[in-house]
Structures are given as structure tokens and as C-alpha cells.
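Here's the structure we're looking at; comments come further down.
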Amino acid sequence: MIERWRPETHTFHLPIGEATITLEDVEVLFGFPIDGLHVAYPHALRDYREVHYLYMLQRLTCFQPAEETALSGASQLQMTPVRKHLEAMDAEIIDASLAEDIDWHTRLLLMLMFGGVLFPNTSGNLVSLIFLHHLEQLDELPGYSWGAVVLGYLYRQMCRRAWAPRETLSDFYRCCR
């Protein structure tokens, strides 16, 4: 499909005509709201570094990666330690679990969903910690326009791949087979 993507018009050129992915498609396929609050990165967090994100992660999820190598750059975390932590935590989540424990678990699951499904990267194992800000108040999450963000990210990734040099594309295809 990447060969049929035209970044100039944000459309796929198919034998039957042109097609594109719309906000309504995202709303129907994912069930995300397309109206609501804008998903924005607060200005105050722009100067955050590893230590700040790790503190926020620990405060919101009660999870601290055991190894410093779990961080990639200033704002990305490997998902493998999160998955292992969730597996150990699963045994502890029952009907009588404290609301705080359930919130921690929910936030970690949402981090995996952000990194693995909604905003994946080429490594397949990193999640951006910039989403932690939106996980502070779980009750407010449905009020954001997540559909627009997911569609915007998809378009950006498709355009980046379409404009990539030919040898990069062939490497990409080789990896995906």
C-alpha cells in the first residue's frame, strides 16, 4: 500500500480510483472520539528529561524500570519491561483490588496501547513517555479528540515513508516480509 500512497494529496491511488482514510473511518474502526479537547503536549513538559519522565512514570503507575537501558533517548521507554511488570501485576488484580492499583494497571496498559497500536515506531518496542501527561486524569481521557491524533500520526508516518529514499524503502519491505 505504501507504493500507492501519494503524500501530495494524502490518498491511495488504486486501480478502482482514489481512496483515503478519514476521521470518520478512525471513529468507526477504533471507536475514538473525533470531537473534543485537543491532544497537546504541555509547554511545561518540553524541558523534561529522563529523570523527570521516570519520576512521572513511577508516580502514575508505581512502575520503575529496573535497568536504565530501558530508556531510549530522553522520552521513550522499552515496552518489554512494562509487559513483564504487568504480567507479575496481573495476579494481584482481583475484584477486591484497590482503585489505585487498578488505575496503575490501566495506565500501564494504555502505555502499551499507545506504543504498540496507536503510535507505533519502527522498533516495535518503544513507547513515548510524552503521553504520561494525558494519563494523569483517567476520567478525562474520553474527552480528548484521539481520532484526529491517530489519523494525523498515520498520515505523517505514511508521508515520511513515501518520501524516503528508495534504498530505505527496499530495506523497509525486506523487514516487513
Side-chain angles (χ1 to χ4, degrees), residues 2 26 30 32 37-93 97-165 167-169 171-177:
I2 195 72
V26 173
F30 288 108
F32 291 141
L37 300 170
H38 297 288
V39 178
Y41 191 53
H43 195 324
L45 299 181
R46 294 178 197 265
D47 294 330
Y48 268 36
R49 296 291 173 251
E50 297 94 350
V51 169
H52 301 105
Y53 283 116
L54 286 176
Y55 172 74
M56 186 184 261
L57 178 69
Q58 203 278 329
R59 182 174 53 82
L60 293 174
T61 65
C62 198
F63 169 69
Q64 184 82 23
E67 304 160 7
E68 288 185 25
T69 57
L71 283 176
S72 177
S75 64
Q76 291 186 319
L77 176 70
Q78 290 180 7
M79 291 192 298
T80 304
V82 177
R83 283 188 193 105
K84 288 180 181 178
H85 180 74
L86 278 169
E87 288 171 6
M89 195 178 182
D90 264 342
E92 299 172 19
I93 299 294
S97 293
L98 297 173
E100 187 176 54
D101 292 339
I102 294 170
D103 286 351
W104 291 337
H105 190 87
T106 302
R107 286 183 181 109
L108 286 172
L109 286 172
L110 285 169
M111 289 296 293
L112 290 178
M113 188 174 83
F114 285 151
V117 178
L118 303 178
F119 309 104
N121 57 39
T122 54
S123 78
N125 190 38
L126 293 175
V127 61
S128 177
L129 295 175
I130 65 172
F131 294 110
L132 283 173
H133 163 73
H134 295 288
L135 298 180
E136 291 232 29
Q137 298 296 322
L138 290 174
D139 295 340
E140 293 177 9
L141 278 178
Y144 286 98
S145 177
W146 289 105
V149 177
V150 169
L151 184 61
Y153 183 82
L154 173 67
Y155 277 5
R156 180 174 178 246
Q157 295 303 94
M158 294 290 287
C159 289
R160 288 175 79 193
R161 186 52 58 198
W163 290 112
E167 59 272 1
T168 305
L169 276 176
D171 291 344
F172 172 76
Y173 292 131
R174 212 178 350 225
C175 292
C176 294
R177 287 186 187 152

Full working for side chain to side chain contact (heavy atoms under 4.5 Å, CB included) between Phe63 and Val82: CA-CA 8 Å; Phe63 169 69; Val82 177; 3.7 Å; yes

Side chain to side chain contact (heavy atoms under 4.5 Å, CB included) between Leu129 and Met111, worked out: CA-CA 8 Å; Leu129 295 175; Met111 289 296 293; 3.6 Å; yes

Derivation and outcome, side chain to side chain contact (heavy atoms under 4.5 Å, CB included), residues Thr61 and Leu135: CA-CA 9 Å; Thr61 65; Leu135 298 180; 5.9 Å; no

Side chain to side chain contact (heavy atoms under 4.5 Å, CB included) assessment of His105 paired with Leu86: CA-CA 7 Å; His105 190 87; Leu86 278 169; 3.5 Å; yes

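Nearest heavy-atom pair across Leu57 and Pro65 is CD2-CD, 4.1 Å.
Among residues two or more places apart in sequence or in another chain, the ring pair (Phe, Tyr, Trp, His ring centres under 6.0 Å) test is passed with Tyr155 by Trp5, His10. Evaluation of the ring pair (Phe, Tyr, Trp, His ring centres under 6.0 Å) rule for His133 yields no partner, not counting sequence neighbours. Residues satisfying the salt bridge (Lys or Arg N to Asp or Glu O under 4.0 Å) criterion with Glu136, sequence neighbours excluded, are Arg59. In this structure Thr80 satisfies the side chain to side chain donor-acceptor pair (under 3.5 Å) test together with Asn125, sequence neighbours excluded. In this structure, the ring pair (Phe, Tyr, Trp, His ring centres under 6.0 Å) partners of Tyr53, at least two apart in sequence or on a different chain, are Tyr48.
Contact annotation: the side chain of Leu112 never approaches that of Val127 to less than 4.5 Å [non-hydrogen atoms, C-beta and beyond]. Two residues are said to be in side-chain contact when any heavy atoms from C-beta on lie closer than 4.5 Å; Leu154 and Val26 fail this criterion.
A parallel orientation is assigned to the rings of Phe32 and Phe30, their planes being inclined by less than 30° (bins at 30° and 60°).
Summarising the geometry, atom CE belonging to Met79 is positioned 12.0 Å from atom OG belonging to Ser72; distances are rounded to the nearest 0.5 Å. Within the model, atoms CG of Leu138 and CD1 of Ile102 stand 11.5 Å from one another, a figure rounded to the nearest 0.5 Å. Note that the CG atom of Asp103 and the CG atom of Asp139 stand 8.0 Å from one another [nearest 0.5 Å]. Here the CZ atom belonging to Arg107 is positioned 9.5 Å from the CH2 atom belonging to Trp104, to the nearest 0.5 angstrom.
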Would you list the atom pairs, donor with acceptor, under 3.5 Å between side chains in residues 141-152 and any protein atom, with sequence neighbours excluded?
unit_1	atom_1	unit_2	atom_2	d
Ser145	OG	Ile34	O	3.0
Trp146	NE1	Leu141	O	3.0

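Applying the 6.0 Å contact sphere to OH of Tyr55 captures no more than 12 heavy atoms from other residues, nucleotides or ligands.
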